[in-house]
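In what follows, a structure is listed as structure tokens, so that the remarks can point back to it.
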Amino acid sequence: MTGPVTPPTPGTAPTPAEDPADDRATSAAPGTATTRPGRASSGARRVHRPAGQGARSSVLPGTLFLLALVGAPLIVVVAYSFMSRGMFGVGVAGPFSVDSYVRLLFDTQLDGSKTFDPRYIGVFWQSIWLAALTTACCAVLAFPMAVWMATRSPRTRALLVFAVTIPFWTNTLVRTYAWVLILNDNGPVSDLLGTPIGLLYTPFATAVGLVYVSLPFMILPVYSSAEKFDFRLAEAAYDLGARRLTVLRRVVYPAVRPGLVAGVVLVFIPSLGAFLQPQLLGGGKSLMIGNLIEQQFGASRNWPLGSAVAVALLVLTLLTLMGFALAGRRGDQKVSLL
């Protein structure tokens, strides 16, 4: 028990209570390290890093993984593109040459002369056109849907996002075969119209399959941006006399633009190199870059030409990414794919 506390003398400041921790802190000389009882002090100093920064060695496993599974195959493909066909059309052989890239633009005649060959350029153009059409259709369908989802209650939003992700539960091959059954001459579309109209094995069927597979990748980024938007700003614009189209163009669109750009990237690039939808739904009538690569490595056994087409697709993809990055920088918007 403690004795009675003596009140402070008038005119003097009260003396604060002493803390044993303060005595331990002041007993240590400046510049010296204190050690806990029972633990020996070590001569090595612990390196303190800022929050969120780990050791550089922590990225070593991921770097090795990327180099082994991404970098090494890419180097092999680039090297194959500068080589010639092997004997009897199997594999590749030396010496190094650029004949595969020349063949993308020119065809060699029997007399050795070269003439311009637009076939491969046509395949690239058709791939770009179908990818752009798919992206435009997904944007038109996803924008109002994502904005509408963002205006629902939190519980309803969670259910709608869950519904959008349901197609990911099934393999893309199975979903594409489902469209083969829907669009063929004996499918429900022909039964509904009363006559076969030949939708399957057309560019239209390819576009339908690409839109169906790519639509969730457009909805989710746009919804992610729309969910953060304060819709009271739209109500204020209406109160100030703005029309619906003006509110959508001047208020809502700038807020969801980063998500829309991210969705365009996520849809356009995979559609550019699509293989399943042109193969199963197009039936060879919608030849795209992915199908051309498969033909060169498979039936044609021209690995150098197939590698050259793959490298051209890679360059086209990089140019597309650079274009979107430049567009986002000019618009002074930070584009994120997450």
Side-chain angles (χ1 to χ4, degrees), residues 65-110 112-134 171-173 176-177 201 203 205-207 209-210 213-214 265 267-322:
F65 180 84
L66 291 176
L67 289 176
L69 299 183
V70 178
L74 181 60
I75 293 174
V76 171
V77 170
V78 174
Y80 277 10
S81 67
F82 288 99
M83 302 183 75
S84 304
R85 297 181 65 178
M87 187 176 297
F88 306 111
V90 179
V92 295
F96 284 88
S97 65
V98 294
D99 292 341
S100 298
Y101 292 97
V102 173
R103 189 174 178 183
L104 293 178
L105 298 175
F106 301 96
D107 187 20
T108 303
Q109 303 298 325
L110 295 177
S113 61
K114 297 183 182 297
T115 58
F116 179 71
D117 187 3
R119 291 179 299 172
Y120 297 113
I121 300 297
V123 173
F124 275 83
W125 171 249
Q126 184 168 355
S127 301
I128 295 174
W129 161 247
L130 284 175
L133 179 62
T134 301
N171 188 273
T172 306
L173 179 63
T176 305
Y177 268 117
Y201 306 136
T206 302
L210 290 174
V213 172
S214 305
V265 175
V267 171
F268 181 80
I269 293 179
S271 300
L272 192 62
F275 171 77
L276 279 179
Q277 288 73 30
Q279 184 75 14
L280 298 180
L281 298 176
K285 298 180 181 179
S286 301
L287 187 63
M288 297 182 66
I289 301 176
N291 308 102
L292 179 60
I293 295 174
E294 186 272 337
Q295 288 181 3
Q296 298 303 321
F297 277 95
S300 299
R301 294 186 179 182
N302 194 342
W303 292 13
L305 182 58
S307 300
V309 176
V311 172
L313 175 61
L314 178 62
V315 172
L316 184 60
T317 302
L318 292 177
L319 292 177
T320 302
L321 289 175
M322 292 174 60

In Å, rounded to the nearest 0.5 Å, how long is the span from [atom1] of [X] to [atom2] of [Y]?
X      : Y      : atom1 : atom2 : value
Gln109 : Lys114 : CD    : NZ    : 10.0 Å
Thr317 : Phe268 : OG1   : CZ    : 8.5 Å
Asn291 : Gln277 : CG    : CD    : 10.0 Å
Leu316 : Phe124 : CG    : CZ    : 7.0 Å
Thr115 : Asp107 : OG1   : CG    : 5.0 Å

Would you check if [X] and [Y] make a side-chain contact, meaning some heavy-atom pair closer than 4.5 Å?
X      : Y      : answer
Thr108 : Asp99  : no
Leu281 : Tyr201 : no
Arg85  : Trp303 : no
Ser286 : Pro203 : yes
Phe297 : Ser307 : yes

*Check whether any side-chain N or O of Ser127 sits under 3.5 Å from a backbone N or O of Ile289 as a donor-acceptor pair, and report yes or no.*
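Side chain of Ser127 to backbone of Ile289: a pair is present.
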*Fit a plane to each ring of Phe116 and Phe106, take the angle between them on a 0 to 90° scale, and name the class: parallel (under 30°), tilted (30 to 60°) or perpendicular (over 60°).*
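Because their plane-to-plane angle is over 60°, the rings of Phe116 and Phe106 count as perpendicular.
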